[in-house]
Amino acid sequence: MILRTQDKDVMGMTIERPRDLPKVDELLRDSRLNNAKETMGYVPVREAVRGILDAARQFLVENGDKPHPDAAYIDRAVQAGHGAGGNLLLSAQSLITAVLQKLDTEAIPGIRKVINATGAILHTNLGRAPLAKQALAAVRRSSEGYASLEFDLEENRRGQRTSSVETLLCRLFAIEAATVVNNNAAAVMLALSALCRGREVIVSRGELVEIGGRFRIPEIMEESGAILREVGTTNKTHLDDYESAIGDSTAALLKVHRSNFRMSGFTGNVVEFKLSELAHRHGLPLIYDLGSGLISAELSSLLTDEPTVHAALTSGADVICFSGDKLLGGPQAGIIIGRADLVGKMAAHPLMRAFRCDKMTLAALEATLTLYLDPDRAKEEIPLLVSALYDSAALRERTEKTAAALAQHGIGAQTISSAMIMGGGAAPEVTVDSWALAVNPGTLPIFSLETRLRAFDPPVLCRTTHDTLLFDLRTVSEEEERLLIFALVDAFDREADPL
Ligand SMILES: *Cc1c(COP(=O)(O)O)cnc(C)c1O
């Protein structure tokens with residue numbers, strides 16, 4: 001946009017002082033806003049006009065006697081939605097442009113699709129596990145119109161909202177009972193409230209962990225009304241530490257998986273099956289906060305330290321809680337499986353109403369779990385598994401092809417060996433050999449390239465080192481790969497020639 005000195009605006013005014021600014025209604029009548037009024041409605045457009053006029057007024061008050069000779073500066077200010085202009089350069093035309101740009105910016109939703117090339121497969125800040133297409137279809141089916149969420153179609157009466165997911169969980173894990181809540185934090189809270197309120201729960205000091213987002217075991221325990229009985233030391237807890245803490249007021253033993261950290265050196269903790277044996281000898285349940293909900297055998301052989309749901313069951317734990325959106329690769333949910341009497345108590349607890357899942361979650365979870373009934377299908381359809389189990393040779397080849405495509409645009413890139421990061425507070429120490437696309441910034445600043453990539457639509461997120469930008473393609477779809485190349489070409493062009 002070129003702004004000319006003494007530009008006469010559409011309403012026949014030169015805007016030099018605040019009082020020259022057009023009225024809200026006058027700008028609103030401009031035909032360039034018709035489209036916006038039709039698609040967004042009158043009120044948001046009127047608010048945008050007011051906002052731009054306020055900004056322009058303020059600019060004129062502050063800079064009224066200082067004509068700004070730099071047209072490019074004004075252009076950028078207007079583009080930034082500030083609606084500012086030097087007194088010799090401001091016109092109704094530029095105000096309308098600023099209004100349209102402000103409306104454009106505001107129309108961008110808060111939650112946007114991003115391209116995750118960071119190499120972290122489960123990124124809590126990026127929404128953890130992407131859903132399988134079957135899960136997406138189920139979400140759509142359940143929410144587009146009405147759904148039999150709590151309605152028994154055979155009996156023509158009220159049904160139970162989690163019954164189909166529960167049946168599926170029982171089938172998948174050969175267990176007595178299951179239920180589902182909003183997330184695993186809620187599952188643990190519910191277990192402690194429903195089974196241990198007012199009584200003691202014995203936990204190893206080495207497991208008093210904080211998971212991300214301030215989920216701290218001691219604090220959850222306190223909120224639940226259960227009394228924390230810490231045993232052992234930070235680095236070692238023995239079976240007899242638990243045993244000597246068991247008394248009349250003991251409600252349960254609690255095992256918490258150290259999801260996001262590992263201890264090394266002189267350490268020791270009691271294996272789960274010994275713990276369940278001890279609990280059962282005293283007529284107590286063992287509650288196991290497993291964290292991740294790893295089911296896939298293939299993924300388990302990559303993440304050797306990460307316990308599977310099956311292993312947790314074999315260990316004899318009576319109630320097991322895990323997330324739906326970590327290594328299971330489904331929607332955010334807290335899955336509770338175990339003994340029928342205990343799970344039943346939890347399901348009947350008043351907190352269950354506060355923690356219950358919505359129909360979209362239940363539909364997505366049902367579809368994801370259904371895929372696990374056929375492990376080969378799960379491996380092919382669940383994005384988390386596809387990314388984590390990506391064939392190394394295929395990834396290398398794809399990365400090399402992308403590097404070659406970038407070279408055609410004059411961007412230097414190589415395929416380098418790197419490491420896959422599980423992320424999402426799972427398997428913190430596991431490194432799986434991987435390949436990354438290392439893009440050479442040439443003479444351009446890495447920081448601005450990275451910023452430009454983040455400002456792209458859709459935003460592209462990568463890793464940076466002091467001298468390269470790193471892209472991991474295992475979490476990038478073929479379609480996203482094309483966008484990633486566009487984004488890079490665009491970032492290099494703009495950075496090399498900013499105006
Ligand atoms: C992740 C995690 C939680 C919290 O699960 P959310 O589903 O994120 O609420 C609780 N306990 C452990 C051990 C975890 O790893």
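Here the structure is a predicted model, which means the values were calculated and not measured. Each ligand, and each atom within it, is numbered from 1 in the order the structure gives. Here, residue 1 is the first one in the sequence, and each next residue gets the next number.
For ligand 1, the atoms closer than 4.0 angstrom to any heavy atom of Ser323 are 5 (O), 6 (P), 7 (O). Per-residue contacts place Phe215 under 4.0 angstrom from the following atoms of ligand 1 (heavy atoms of the residue considered): 10 (C), 11 (N). The Arg128 neighbourhood of ligand 1 comprises atoms 6 (P), 7 (O), 8 (O), with distances under 4.0 Å to a heavy atom of that residue. Taking every heavy atom of Gly291 and a limit of under 4.0 angstrom, the matching atoms of ligand 1 come to 12 (C), 13 (C), 14 (C), 15 (O).
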Let me have the donor-acceptor pairs involving side chains of residues 367-376, under 3.5 Å, with sequence neighbours excluded, atom names and distances please.
{"unit_1": "Thr368", "atom_1": "OG1", "unit_2": "Ala364", "atom_2": "O", "d": "2.7"}
{"unit_1": "Thr370", "atom_1": "OG1", "unit_2": "Glu366", "atom_2": "O", "d": "2.6"}
{"unit_1": "Tyr372", "atom_1": "OH", "unit_2": "Leu328", "atom_2": "O", "d": "2.7"}
{"unit_1": "Asp374", "atom_1": "OD1", "unit_2": "Asp376", "atom_2": "N", "d": "3.2"}

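In terms of N/O distances under 3.5 Å, ligand 1 is approached by Asn184. When only interatomic distances are considered, the shortest N/O to N/O separation between His257 and ligand 1 does not fall below 3.5 Å. For the pair Asp325 and ligand 1, the shortest N or O to N or O distance does not fall below 3.5 Å.
The CG atom of Leu122 sits 7.0 Å away from atom OG of Ser292, with the distance rounded to the nearest 0.5 Å. How far CD of Glu219 is from CG of Leu208: 11.0 Å, rounded to the nearest 0.5 Å.
By the 4.0 Å heavy-atom criterion, Asp289 is counted among the residues contacting ligand 1. Close to ligand 1: Lys326, with a non-hydrogen atom less than 4.0 angstrom away.
Environment of CZ in Arg112: crowded, with over 12 heavy atoms of neighbouring residues, nucleotides or ligands closer than 6.0 Å. Within 6.0 Å of CZ in Arg281 there are more than 12 heavy atoms belonging to other residues, nucleotides or ligands.
Scanning Ser259, Ala185, Ala187 for the heavy atom closest to atom 15 (O) of ligand 1 points to Ser259.
In summary, the side chains of Ser193 and Arg197 do not present any donor paired with an acceptor at a separation below 3.5 Å, with no hydrogens or angles considered.
Remark: side-chain polar atoms of Glu397 are not paired, donor with acceptor, to backbone N or O of Ala394 under 3.5 angstrom.
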